[in-house]
Amino acid sequence: MSDVNDNLAWEQAHGSGLQAYLGYRIVEWEEDRAVVELEITDHHRNRAGILHGGVIATLMDTASGCAVCYCAVPGNVRKSLTLSLTTNFIGMATGGTVRVEGRKQGGGRKIVFTEATAYNAAGEVIATATGTFKYHRGSEDPNGVPRDA
């Protein structure tokens with residue numbers, strides 16, 4: 001595995017409990033950008049049979065947070081917390097794979113801004129979001145901190 005892919009592979013293998021339950025995965029991760037995908041199953045749908053808005057918001061929050069926390073140093077991580085996430089639902093998904101791309105838009109040393117776009121299996125935009133994130137102590141440094149710190 002290359003050094004560039006070390007932290008992506010680690011994240012894919014050590015995701016959160018929510019990530020394991022929902023079944024989404026980080027499929028692309030680079031400086032200022034991350035892509036998250038989810039294969040829609042029955043437990044992701046609302047009573048109308050479409051992907052629940054809360055699931056979409058979770059994916060956009062995750063992709064945005066990852067976009068600001070990329071770390072190229074193998075074995076190190078960067079962490080952030082969401083201060084705000086504004087979502088706009090403009091389409092729907094009923095099956096297949098949902099793809100969400102998050103991008104860092106700017107900010108300062110501790111507070112950063114993002115945008116995210118969610119696409120259904122046909123490639124149509126189903127939601128957009130803007131977010132504000134705050135780095136955990138040490139994570140404002142692009143070199144991050146050791147995973148076990």
Side-chain angles (χ1 to χ4, degrees), residues 1-41 43-46 51-91 93 96-121 123-149:
M1 164 180 2
S2 73
D3 288 347
V4 174
N5 293 324
D6 175 73
N7 287 335
L8 174 58
W10 190 87
E11 285 290 332
Q12 288 171 333
H14 298 90
S16 70
L18 180 62
Q19 180 179 352
Y21 176 73
L22 290 178
Y24 63 84
R25 41 192 191 99
I26 305 165
V27 296
E28 297 177 32
W29 199 15
E30 61 191 67
E31 186 72 28
D32 299 337
R33 181 179 171 274
V35 176
V36 173
E37 290 184 345
L38 171 74
E39 184 70 28
I40 298 171
T41 63
H43 74 274
H44 299 122
R45 293 184 179 94
N46 64 19
L51 181 62
H52 193 286
V55 174
I56 297 171
T58 297
L59 298 176
M60 291 194 296
D61 183 48
T62 300
S64 295
C66 288
V68 301
C69 287
Y70 175 79
C71 183
V73 178
N76 282 6
V77 296
R78 297 174 76 194
K79 297 179 182 179
S80 67
L81 58 92
T82 309
L83 296 177
S84 70
L85 186 74
T86 302
T87 56
N88 301 292
F89 302 101
I90 55 180
T97 300
V98 172
R99 181 175 173 88
V100 179
E101 180 176 358
R103 290 188 175 274
K104 179 180 174 183
Q105 294 301 300
R109 188 168 130 73
K110 292 254 187 202
I111 307 292
V112 289
F113 306 101
T114 65
E115 68 177 13
T117 306
Y119 303 90
N120 64 16
E124 301 164 331
V125 175
I126 60 171
T128 61
T130 56
T132 305
F133 293 79
K134 181 178 180 181
Y135 286 118
H136 287 226
R137 185 170 294 134
S139 292
E140 62 276 356
D141 181 343
N143 292 318
V145 296
R147 285 183 195 135
D148 54 2

Could you list the residues that satisfy side chain to side chain donor-acceptor pair (under 3.5 Å) with [X], not counting sequence neighbours?
X	result
Thr97	Glu39
Glu30	Arg33
Asn76	none

To the closest 0.5 Å, what do you measure between [atom1] ([X]) and [atom2] ([Y])?
X	Y	atom1	atom2	result
Asn120	Leu51	CG	CG	9.5 Å
Thr130	Asn88	OG1	CG	7.0 Å
Asp61	Thr82	CG	OG1	3.5 Å

Hey, are the side chains of [X] and [Y] touching, using non-hydrogen atoms and a 4.5 Å cut-off?
X	Y	result
Tyr119	Val125	yes
Val35	Val100	no
Leu59	Leu38	yes
Met60	Thr87	yes
Ile126	Ile56	yes

Determine the minimum heavy-atom distance between [X] and [Y], stating which atoms define it.
X	Y	value
Tyr24	Ser16	OH-OG, 4.0 Å
Ser80	Phe133	OG-CD2, 3.7 Å
Ile90	Ala127	CG1-N, 3.9 Å
Ala34	Trp29	CB-CD1, 3.8 Å
Ala63	Gly102	CB-N, 3.7 Å

*Decide yes or no on side chain to side chain contact (heavy atoms under 4.5 Å, CB included) for Cys71 and Val77, but give the supporting numbers first.*
CA-CA 6 Å; Cys71 183; Val77 296; 5.9 Å; no
Taking atom types as modelled, find out whether [X] and [Y] have a side-chain donor-acceptor pair closer than 3.5 angstrom.
X	Y	answer
Thr128	Thr117	no
His136	Ser139	no
Tyr135	Arg78	yes

*How are the rings of Tyr21 and His43 set to each other: parallel, tilted or perpendicular (split at 30° and 60°)?*
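Aromatic pair Tyr21/His43 classed tilted.
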*Please confirm whether the backbone N or O of Leu22 pairs with a side-chain atom of His44, one donor and one acceptor, at under 3.5 Å?*
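At least one qualifying donor-acceptor pair exists.
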*Give a yes or no answer on whether the side chain of Glu140 reaches the backbone of Gly138 with a donor-acceptor pair at less than 3.5 Å.*
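Such a contact is found between Glu140 side chain and Gly138 backbone.
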Donor-acceptor list for residues 107-114 side chains, cut-off 3.5 Å, not counting sequence neighbours:
| residue | atom | partner | partner atom | Å |
| --- | --- | --- | --- | --- |
| Thr114 | OG1 | Ser64 | OG | 3.4 |
| Thr114 | OG1 | Gly131 | N | 3.4 |

*Contacts of type salt bridge (Lys or Arg N to Asp or Glu O under 4.0 Å), residue Arg99, not counting sequence neighbours*: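 Residues passing salt bridge (Lys or Arg N to Asp or Glu O under 4.0 Å) with Arg99: Glu28, Glu37.
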_Test salt bridge (Lys or Arg N to Asp or Glu O under 4.0 Å) applied to Glu115 - qualifying residues, sequence neighbours left out_ =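 So Glu115 forms no salt bridge (Lys or Arg N to Asp or Glu O under 4.0 Å) with any residue.
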